[in-house]
2 protein chains.
Amino acid sequence: MPPTVRRIPRPTAQRLSLYLREIQPLIAQGQPTLSSRELGEKLGLSSAQVRKDLAWVVQSRQASEAGRAGVGYNCVKMNESIRRVIGANRRWSTVLVGVGNIGRALLAYGGFAQDGFLISAIFDANPRMEGKRIGTLKVQPTSALRKAIRTHRVAIGILAVPRSAAQSVATQLCDAGIRGILNFAPMRISVTEGVSVTNIDVSVALEQLSMDVSIRDQMRLISEGAA
Amino acid sequence: MPPTVRRIPRPTAQRLSLYLREIQPLIAQGQPTLSSRELGEKLGLSSAQVRKDLAWVVQSRQASEAGRAGVGYNCVKMNESIRRVIGANRRWSTVLVGVGNIGRALLAYGGFAQDGFLISAIFDANPRMEGKRIGTLKVQPTSALRKAIRTHRVAIGILAVPRSAAQSVATQLCDAGIRGILNFAPMRISVTEGVSVTNIDVSVALEQLSMDVSIRDQMRLISEGAA
DNA sequence: GAATGTGAAAATATTCACAGCG
DNA sequence: CGCTGTGAATATTTTCACATTC
């Protein structure tokens with residue numbers, strides 16, 4: 001047995017998604033290859049970093065589709081390899097719970113299909129929404145979650161309900177056998193062991209941003225003081 | 001001069017926002033103190049990690065408001081100290097560009113005010129929206145950005161326009177003197193040197209989540225195979 | 001006893017730098 | 001030459017473990 005196959009590092013995994021975002025438009029406009037330096041420049045990363053990351057893609061599968069010295073990486077092949085490694089090559093069936101503004105924004109944005117994510121059914125905890133049609137889908141009560149998740153083999157639930165309903169719906173999703181939850185509610189949710197959660201919290205993002213701005217301000221003051 | 005004051009580490013900064021989210025409800029329900037172990041358990045972190053992070057808060061300001069051995073950290077004071085360190089103690093004036101579904105969701109969510117973020121003015125690139133009132137604010141054309149940013153001393157722009165308009169609006173924000181942009185458009189935007197950007201990209205989040213789910217699946221298969 | 005604060009050790013992640021290919 | 005792939009060197013982050021305080 002080889003010296004224990006290490007798992008793909010978190011930071012690498014995160015960057016791979018970003019690489020996909022950069023590569024895809026290039027493919028669309030027909031660019032055949034891309035060097036680690038070019039890709040790195042677009043994202044503010046060193047070329048060595050990019051090469052190390054892409055080396056993971058090649059190694060983690062036994063695939064041999066590597067870059068070519070003197071040329072760079074084949075865009076199409078690299079796109080496909082990355083998608084396989086991060087599990088974005090298959091289609092993911094999802095359910096959306098909550099058809100308020102966020103939910104409707106997600107439904108209106110057609111871009112997920114291209115990334116392999118399909119919203120199979122939509123739900124709302126509010127009975128007044130029941131039966132309403134949005135696009136091609138009819139809003140169902142959350143009591144129908146279990147059945148929908150089983151029949152569509154849904155792995156991912158998108159939680160776009162108000163904070164007050166979030167934990168209750170999260171529990172229903174877990175009970176119905178969901179495997180991962182994308183949580184838009186501005187709170188941490190508790191889930192069954194084995195269920196993955198990714199949070200999108202605007203306040204956290206704003207705080208991160210304001211901190212960056214603060215730090216830049218301080219540095220500016222210092223350098224101006226020194227000048 | 002002390003041996004060069006190191007800047008607060010990125011991962012620490014990110015976790016500090018999460019600590020705030022946990023501490024605030026505890027304050028509301030009157031809990032006086034919190035131990036590093038308790039806080040860590042809520043977030044799946046080691047107590048040592050929490051203590052190291054909080055040590056930064058105490059050190060990075062010369063403040064002496066530390067935890068107390070045998071007791072834990074004073075919730076109220078820790079909340080305030082963290083907010084000061086990450087720049088969330090002051091009020092941030094923001095502008096929102098794009099009053100589609102995402103923009104309206106942000107306006108409808110009242111929780112930012114509590115975190116010190118105020119949406120001072122709203123804009124839309126679509127002239128048909130001009131003059132429309134949403135809540136207490138009137139939609140302005142993006143040509144009015146510069147003036148609004150100057151008069152309200154706005155540091156942060158929230159970019160919630162469709163992909164096709166994102167770069168153009170980002171450029172307008174930069175020209176108008178914005179300091180940071182929270183970008184909801186599913187693309188990387190180019191900005192003037194010195195402007196910070198934080199992206200909220202649902203596809204990236206979904207990919208991250210699906211990758212976690214995939215990895216769990218693989219581990220499950222392996223352990224079942226071994227059993 | 002229960003907890004903090006913190007050096008020292010371990011683990012991770014990034015950058016360097018260069019051999020070798022196209 | 002330009003660029004990949006990768007060990008070795010750094011740098012950063014996390015964990016350990018324990019003296020110290022309440």
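Every chain is numbered from 1, with letters handed out A, B, ... down the list of sequences.
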Counting side-chain heavy atoms from C-beta on, which of D:dT14, C:dA17, C:dT14 comes nearest to B:P11?
-> D:dT14

B:R51 has its side chain closest, among C:dC18, D:dT14, C:dG5, to C:dG5

Rounded distance (Å) that lies between atom C1' of C:dA11 and atom CD of B:Q49 | 13 Å

Can you tell me how far P of D:dG5 sits from CG of A:N74, to the nearest Å?
-> 12 Å

Whole Å only: how far is the CG atom of A:L54 from the C1' atom of D:dT4?
-> 10 Å

A:A66 side chain: which of D:dG5, D:dT15, C:dT14 is closest?
-> D:dG5

For the side chain of B:K52, counting heavy atoms from C-beta on, which of C:dT14, D:dT15, C:dA13 is nearest?
-> D:dT15

Side-chain donor/acceptor of A:N183 to backbone N/O of A:A185, under 3.5 Å = yes

Which whole-number value in Å describes the distance from A:D53 CG to C:dA13 C1'?
-> 10 Å

Expressed in angstrom and rounded to an integer, what is the separation of A:M78 atom CE from D:dC3 atom P?
-> 15 Å

Closest to the B:Y73 side chain: C:dG5, C:dT15, D:dA17?
-> C:dG5

To the nearest Å, how far apart are A:W56 CH2 and D:dG5 C1'?
-> 15 Å

Using atom types as modelled and distance alone, determine if a side-chain donor or acceptor of A:T12 lies under 3.5 Å from a backbone N or O of A:I8.
-> no

Taking all non-hydrogen atoms of both residues, which atom of B:Y73 and which atom of B:G67 are closest, and how far apart?
-> CD2-CA, 3.4 Å

For A:L34, the option from A:L26, A:N79, A:N74 that meets side chain to side chain contact (heavy atoms under 4.5 Å, CB included) | A:L26

Give a yes/no answer on whether the side chain of B:R15 brings an N or O atom under 4.0 Å of OP1 or OP2 in D:dT14.
-> yes

Backbone of A:S35 reached by a side-chain donor or acceptor of A:E38 within 3.5 Å | yes

To the side chain of B:V71, which of D:dC22, D:dC3, C:dT14 is closest?
-> D:dC22

Respond yes when some side-chain nitrogen or oxygen of A:Q59 is under 4.0 Å from OP1 or OP2 of D:dT6, and no when none is.
-> yes

Counting distance only, does the side-chain N/O of B:D217 pair as donor-acceptor with the main-chain N or O of B:L221 below 3.5 Å?
-> no

Find which nucleotide of DNA chain C each of A:A48 and A:A69 is nearest to by heavy atoms, and output the residue with the more 5' nucleotide.
-> A:A48

Here the residues of residues 24-40 of chain A within 4.0 Å heavy-atom distance, strictly under, of DNA chain C are none

From CD1 of A:I8 across to P of C:dA13 the rounded distance in Å is 11 Å

Take the protein atom CD of B:Q14 and the nucleotide atom C1' of D:dT14, then report the distance between them rounded to whole Å.
-> 15 Å

Taking only Lys NZ, Arg NE, NH1 and NH2, and the carboxylate oxygens of Asp or Glu, determine whether A:R37 and A:E41 approach each other closer than 4.0 Å.
-> yes

